[in-house]
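Let me begin by presenting the structure, written as structure tokens, before commenting on it.
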2 protein chains.
Amino acid sequence: MARAAGVSPTTVSHALNGKGVVRRETEERIRQVAARIGYRPSAIARGLRNSRLGLLGLIIRPFDTLDSFIPAGVDYFLRIAGSASLTAMEHGYSLMMVDDPSKRGRPVSALAADGYVVTEPFENDPVLSLLERERIPFVAVGADIARRDEFVTMDTLADKQAVQMIEHLVSAGATRVALVVGTDRNAWNLDSRDAYLDWCARVGQDPLWIAIPEAQGERAGEIALDRFFGEGAADAPDAVYCLMGRQASGIARAAVARGISVPDELLVAAGSGALQNQTMHPTVTAFDLQPEVIAQRAVEAVIRLIEGEAVETPFEAPEALLHLRESTQRV
Amino acid sequence: MARAAGVSPTTVSHALNGKGVVRRETEERIRQVAARIGYRPSAIARGLRNSRLGLLGLIIRPFDTLDSFIPAGVDYFLRIAGSASLTAMEHGYSLMMVDDPSKRGRPVSALAADGYVVTEPFENDPVLSLLERERIPFVAVGADIARRDEFVTMDTLADKQAVQMIEHLVSAGATRVALVVGTDRNAWNLDSRDAYLDWCARVGQDPLWIAIPEAQGERAGEIALDRFFGEGAADAPDAVYCLMGRQASGIARAAVARGISVPDELLVAAGSGALQNQTMHPTVTAFDLQPEVIAQRAVEAVIRLIEGEAVETPFEAPEALLHLRESTQRV
DNA sequence: CTGAAAGCGCTTACAG
DNA sequence: CTGAAAGCGCTTACAG
């Protein structure tokens, strides 16, 4: 490029980046030559020089325990990924998806991003430890429950949402609310459970809850119903709050199959709406956590960290939107 | 790192990469020091040296015309993205998603990948031209219809699928089959349409088809029904093949709303199943294009190109699986 | 068996 | 206003 324009690399760099001082005409000529020969500075060389590639990493931790990388019907994380990509683009960054860069056999490039967004980290998550040790900026979406105040974190407000939904179920006629959570040890599962137990203690209800592995997906329906309505079904619930939309679908479907009417005998609600909750029959009441907004805020926060600006922590997730549907509306 | 181990960078490089010759004990010691201080070679420096970052790019072209980056209910591309990420990982690469790296204002890093998978390129797609000009290896998933034999391409077999589905509709009782495609000028839309027109000519049916912008999503239902059943509805169809699952949902829903029974009066089928086709009522017959397998094969092909191996072209997509559902089964 | 040197393509402090 | 030099952290051909 420098040769093509008949100047030094220094001058090319100055002209194209508007740094030093370059005579107007020289800059003009350099730009023209660049356009003509289709010159694009190497992102890699620039990255080496600036120790910044213009690359962000998105680490969706729950994928680590799910059976496939993007399981069917988990649109929450897909909406996260799409919005994160777009937001990154808008700020001049590319975005790559990696699962766990600390795993053996992971490409070195998995750790080459300028910063990371880590969704739903586990308790004492080794990925966060690694990023911290490498001094790579990152934002946790949902706290590491063992180290709540150590990292820049978006509070996803699972506890508030649990209370809000339980109260909705009660106002819809529930007298005994059960809870279904996943088994990953993250803030989403554990804060929801704790909020539920608190609520039970407060209103004097005997807690009834079960943790089912995320990878079970809709199969959680059968498992939960066996637990709630099998054998000694004396204390059977008349409402269930499931964190995952797929669990809620599974429960609604399994309940109907067993002759338990939804919503007349059992109210069902989901903490994070999946697409099928809108289209199945009956449709299922769910929160829309606004994953697009979550991803946007998290990406913008990590970019600020990368660029040396301050980020308040914890900062809040957008408000969850409660979509009322057939599964909690008795007529 | 070299200092910490008391050897030269050369020896570190040799030891850690198993290249040159290093005394057993020296290598051992270097590995131990590396583990102790948590040394990881810089992917960027290595990338500059090898002109290879270990990074792949996934360019999903239809996003360019859709209204949001990842529209709700388009699980096809999400399954592509997930599987592509996973496959890349398994081969020692990371994967980033970009929309159009040739757009102004795109981060330079958007062109820093070692190779790209470009799904559903447009006719004379400028992205393919750019990659070719920059001599960056890439694989097209679906042909650039203006340049079918110029690039390494996966043939997605849209024409065969169209014929197969139309014949299924006929065997399910259709006497007049209409077609709904999108407006993007890509092989998926145009090859399907051509196959349909050929089929019409062959059996002597008067063609009845409409192209509706992809971004309309389910709203395509109303639009298509206005066209097929509005005003001069003399030649109304009794079956519709829609390429997109969302279009099929929209049509089935809109038909029922207008008092047209599905499947009794109108058979509906989709060329690429969306999740809601399985959960809505009636469920909609659709192809599962096996996007996971498509992505896996495409990623493996581009890796072979990057590593200098030959790739046959065109190579074939996996067989589309036909899922028969209520929308094409009269009882 | 080990290391000094050159170079990947940029940017930046500095000299002219 | 422009350019020569150094250096970002690696790898590789080559010398010892």
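Quick note on labels: first sequence line is chain A, next is B, and so on, each numbered from 1. Quantities reported herein were computed from a predicted structural model and do not represent experimental measurements.
Between the side chains of A:Thr10 and A:Ser13, no donor-acceptor pair of N or O atoms lies under 3.5 Å.
Between the C1' atom of C:dC8 and the CG atom of B:Leu53 lies a distance of 12 Å, rounded to the nearest Å. One atom, CG of A:Leu48, and another, P of C:dC10, lie 12 Å apart when rounded to the nearest Å. Put simply, CG on B:Leu16 is 10 Å from P on D:dC10, counting in whole angstrom units. Nucleotide D:dT11 holds its P atom 14 Å from the CD1 atom of B:Ile44, rounded to whole Å. At whole-Å resolution of the value, CD1 in B:Ile30 and C1' in C:dT2 are 10 Å apart. Protein atom CZ of A:Arg3 is 13 Å distant from nucleotide atom P of C:dC10, rounded to whole Å. Atom CG of A:Leu111 and atom P of D:dC10 are 13 Å apart (whole Å). The CD1 atom of A:Ile37 sits 13 Å away from the P atom of C:dG9 (whole-angstrom rounding).
Here D:dC10 is the nucleotide among C:dC10, D:dT2, D:dC10 with the atom lying nearest to any side-chain atom of B:Ser42. Side-chain proximity of B:Arg46 to the nucleotides C:dA4, C:dG9, D:dT11 is greatest for D:dT11. Side-chain proximity of A:Thr26 to D:dT2, C:dG3, C:dT2: nearest is D:dT2.
Counting heavy atoms from C-beta outward, A:Phe315 and A:Val139 have side chains that approach closer than 4.5 Å.
Among the heavy atoms of the strands, none lies under 4.0 Å from A:Val12. The residue A:Val22 sits close only to the backbone: its heavy atoms come under 4.0 Å of sugar-phosphate atoms, none of a base.
Residues A:Glu25 and A:Arg29 are not paired through a salt bridge, judged by the lack of any N-O separation under 4.0 Å between the basic side chain and the carboxylate. The residues A:Glu300 and A:Arg304 are annotated as not salt-bridged, no charged nitrogen and carboxylate oxygen being separated by less than 4.0 angstrom. Salt-bridge check for B:Arg61 with B:Glu120: failed, with every basic side-chain N at 4.0 Å or more from each acidic carboxylate O.
A donor-acceptor contact shorter than 3.5 Å links the side chain of A:Thr87 to the backbone of A:Ser83.
An OP1 or OP2 oxygen of C:dC10 is reached within less than 4.0 angstrom by a side-chain nitrogen or oxygen of A:Tyr39.
When both pairing distances are held under 3.5 Å, C:dA4 makes no Watson-Crick or G-U pair with any nucleotide shown. Base pairing of C:dA13 is not made with any nucleotide, judged by Watson-Crick or G-U wobble geometry with both donor-acceptor distances under 3.5 Å.
Within a 6.0 Å radius of CZ in A:Arg133, other residues, nucleotides and ligands contribute more than 12 heavy atoms.
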Identify each atom pair where a protein N or O and an N or O of nucleotides 12-16 of chain D are less than 3.5 Å apart, giving names and distance.
unit_1	atom_1	unit_2	atom_2	d
D:dT12	OP2	B:Lys19	NZ	3.1
D:dT12	O4	B:Thr10	OG1	3.3

